[in-house]
Protein chains: 2
Amino acid sequence: MKANLKDLAKDLGISVSTVSKALRDSYEIGEKTKQRVLAKAAELGYTPNPYAGFLRNNKSKTIAIVVPELTNNYFIQAISGAEEIAQENNYHILIYTTNDNFEKEKSIIKHLMNGRVDGVLLSISSTTSSYMHFNELIQNGVPIIFFDRICHEIETAKITTNDFASGFLATEHLIKNGCRDIAYLSLSEHLSIDNKRKQGYFEALNKYDIKIDETRIINCGVDEKMNTKKIKKLLSGSKIPDGIFASVERLALKVYHVCNSAKISIPQKIKVISFSNLRTADLLNPSLTTITQPAYEIGKEAAKILFKHLSKRKSVLLNENIIIDSVLTIRNSTKK
Amino acid sequence: MKANLKDLAKDLGISVSTVSKALRDSYEIGEKTKQRVLAKAAELGYTPNPYAGFLRNNKSKTIAIVVPELTNNYFIQAISGAEEIAQENNYHILIYTTNDNFEKEKSIIKHLMNGRVDGVLLSISSTTSSYMHFNELIQNGVPIIFFDRICHEIETAKITTNDFASGFLATEHLIKNGCRDIAYLSLSEHLSIDNKRKQGYFEALNKYDIKIDETRIINCGVDEKMNTKKIKKLLSGSKIPDGIFASVERLALKVYHVCNSAKISIPQKIKVISFSNLRTADLLNPSLTTITQPAYEIGKEAAKILFKHLSKRKSVLLNENIIIDSVLTIRNSTKK
DNA sequence: TTTTTTTACGAAATCGTTTTCGTTTAATTT
DNA sequence: AAATTAAACGAAAACGATTTCGTAAAAAAA
């Protein structure tokens, strides 16, 4: 049913190699022959079998994007950006989610070890505690580029936003709007981006001579019920914080839910700021002040670097940190 | 660097075919040989080259998911569902977006024609006006399953929600809450799901003896600026509708924006209901009454049907319509 | 003991390309 | 006219696995 080179060759009474070269517009083939081949290919609806070429060339024109979850606007925007660049470069994209599970991440990486993809774009799982699988992948000749949740221990390109500065800025914004007792909702202690945001938070507290209170650092994780419990605890009792800095969108939404049911008014009683790529931030009640990462740009940039590296037959991917700044959008959740 | 079967065979002093069979646990190979091969494979970190197998077996263990856009909660949830099933079945997922562009959709389908994937899950573009490319794909032996934005003209499995009933229910809900002049915001005149929702809307109007006013059918499209203009026009002047039924989330959000800037209060002045998979529907100002499609389930179901079909060497995919009901969640945007 | 069957393995074809070498004929140079 | 070069094509070897078929040795049956 599906025509291949051999079929074309037989029909035309010429050799397979001639057909192949004609289709690739080789200088070795005469003009009239090329025309005949092209015509026949169109007639039979010939399309090359990609896997045959992959096998021969050891190139799959495919990359993998590995993210902790899909139901997260940041990752979706990043993927969209990468996808745009991939389409421009005629690359295909395989998607994998780790569900923030270390074992799953390792298993996925192992599957990518064998040449299925030419490169990987990855944001590490929050439970990842060792990095050997990444090094193994690189040693197998598959370049990997980290974005957002990066891994400093691996020598490669990494794209993030200015997490430290953004953390500082977010906290300073709360302070300037009158907060003195600010809680930090941490995504995961293992992630460098979270630590940087937290360092920015510390730095701001320091600058304004606010003592750091360790009980105001809430270490959240994968278990949503546990997160809810911790946030409920934070927001109950007599001494609740007057400001909350959420390192990630879903924790801010949780705060909204808890405040709604506990009748804690935002921003009068407590002000909330969050890293977020929510499209509806301005429509929330109240509208949410956000630090928005240029996720789409980050995805595009990560893909661009990967393709640039793949296009030249150069050796290893150099160690570089690319930073694209986030933007603070002030809305009502932090209103004085 | 990367070990292949030949390397294993040479190291062990046995033939390639024996190694291959040993790894596949063939009955033809003795127990001690199998052990030796397994040990050597582990030692050299052997992983099979997937493309070699694909070429040989004409099976790629890969499916494609083609959607109009990624920045849409419905599609993301559907993809997540499909991805879960794919992981269970050891399948890989290629993602493509058409950006609601017919030409792009055709081009993507053409790329999938050559055996790159074993099957396709697709939601058609809103500008798609002919279906030959789908038939061509099927004739090339690649099964395709439609979800949500389906194509009735193609004989295959299709998964949707109960669009007609949901459209009716949504409209009836508005009527019961006092609306008499309800506008319908259409996603695209070409899409059957949109038409069904609209039919449900008509049916509800009929049931309650409300005359259909064609000027209240707003045909939106891909051009966001145009959509904004149309919605602004709808909501300006002296005679604005008292209810709005948005066929898709992003149009409802546009209504919110326009109402915000025009100081039209929801739900006092106008009530809004929308098909939507927004996670933040309950946090909006006001919270949005939604018809929520079980997107995750729909994605899972679509993938399940595809894998079931792929697992048995049967011929064609039978024509069937699977319907998973949406749920109406009443919130403040339609409050009396 | 002879014949048959089973067990365990290897040789080689195959999947559909790409690419390296020839090789033939025509064109060009001495 | 002889020698060289260029143009146009074909044969065959890869790429790395799977699988069919053949065969030797060992085991079982006669």
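By convention in this document, chain letters (A, B, ...) are assigned in the order of the sequence lines, proteins followed by strands, and residues within each chain are numbered from 1. Everything quoted here is computed from the prediction, not taken from an experiment.
In this structure, A:Asp25 places its CG atom 13 Å from P of D:dC9, rounding to the nearest Å. One can place NZ of B:Lys6 at 11 Å from C1' of D:dA17, the figure rounded to the nearest angstrom. As a whole-Å value, the separation of A:Asn57 CG from C:dT20 C1' is 14 Å. As a whole-Å value, the separation of A:Lys21 NZ from C:dC21 P is 12 Å. Taking atom CG of A:Leu5 as the reference point, atom P of C:dT17 lies 4 Å away to the nearest angstrom. As a whole-Å value, the separation of B:Tyr27 OH from C:dA8 P is 11 Å. The NZ-C1' distance, from B:Lys61 to D:dT18, rounds to 16 Å in whole Å. Remark: P of D:dA17 and CG of B:Asn58 are 18 Å apart, rounded to the nearest angstrom.
Mapping B:Lys32 and B:Ala52 onto DNA chain C by nearest heavy atom places B:Lys32 closer to the 5' end of the strand. Map A:Thr18 and B:Leu23 each onto its nearest nucleotide of DNA chain D; the residue landing nearer the 5' end is A:Thr18.
When each of A:Ile159, A:Thr156, A:Ile305, A:Ile145 is tested with A:Glu320 by the rule side chain to side chain contact (heavy atoms under 4.5 Å, CB included), just one qualifies, namely A:Ile305. Among the candidates B:Thr18, B:Leu38, B:Leu12, B:Val19, the single residue satisfying the side chain to side chain contact (heavy atoms under 4.5 Å, CB included) test with B:Thr33 is B:Thr18.
With distances taken from any side-chain atom of A:Val16 to the nucleotides D:dC9, D:dT18, C:dT17, the minimum falls on C:dT17. Of all nucleotides listed (C:dT17, C:dT19, D:dT18), D:dT18 comes nearest to the side chain of B:Arg56. Of the candidates D:dA17, D:dG10, C:dC9, D:dG10 carries the atom nearest the A:Ser17 side chain, counting heavy atoms from C-beta on. In the set C:dG16, C:dG10, D:dG16, C:dG10 carries the atom at the smallest distance from any side-chain atom of B:Glu28.
OP1 or OP2 of D:dC9 lies within a sub-4.0 Å distance of a side-chain N or O belonging to A:Thr33. Between A:Tyr51 and C:dT14, a side-chain N or O to OP1/OP2 separation shorter than 4.0 Å is absent. Close to C:dG16, at under 4.0 Å from its OP1 or OP2, lies no side-chain N or O of A:Asn49. Look at A:Arg24 and you won't find any side-chain N or O under 4.0 angstrom from OP1 or OP2 of C:dT17.
The base of C:dA11 does not come close enough to the side chain of B:Ser15 for any donor and acceptor atom to sit less than 3.5 Å apart. Side-chain atoms of A:Lys2 and base atoms of C:dG16 include no donor and acceptor less than 3.5 Å apart.
Across all strands shown, B:Gly30 has heavy atoms under 4.0 Å from sugar-phosphate atoms exclusively, and none from any base.
Below 30°, between 30° and 60°, or above 60°: for A:Tyr51 and B:Tyr51 the angle between ring planes is below 30°, a parallel geometry.
Atom CD of A:Glu43 sits in a crowded spot, with more than 12 heavy atoms from other residues, nucleotides or ligands closer than 6.0 Å.
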List, one per line, each side-chain donor-acceptor pair under 3.5 Å for residues 23-31 of chain B, sequence neighbours excluded.
residue, atom, partner, partner atom, Å
B:Asp25, OD1, B:Lys34, NZ, 2.9
B:Ser26, OG, B:Glu28, N, 3.0
B:Glu31, OE2, B:Gln35, NE2, 3.3

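Residues A:Phe102 and A:His133 place their aromatic rings such that the two centres sit under 6.0 Å apart.
Contacts of residues 112-120 of chain A with DNA chain D (heavy atom under 4.0 Å): none.
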(Q) I'd like to know whether A:Tyr74 forms a side chain to side chain contact (heavy atoms under 4.5 Å, CB included) with A:Tyr296, so could you lay out the CA-CA distance, the side-chain angles of the two residues, the decisive distance to 0.1 Å, and finally the verdict. (A) CA-CA 8 Å; A:Tyr74 174 83; A:Tyr296 193 79; over 6 Å; no
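Note that the OH atom of A:Tyr96 and the CG atom of A:Leu122 stand 12.0 Å from one another [nearest 0.5 Å].
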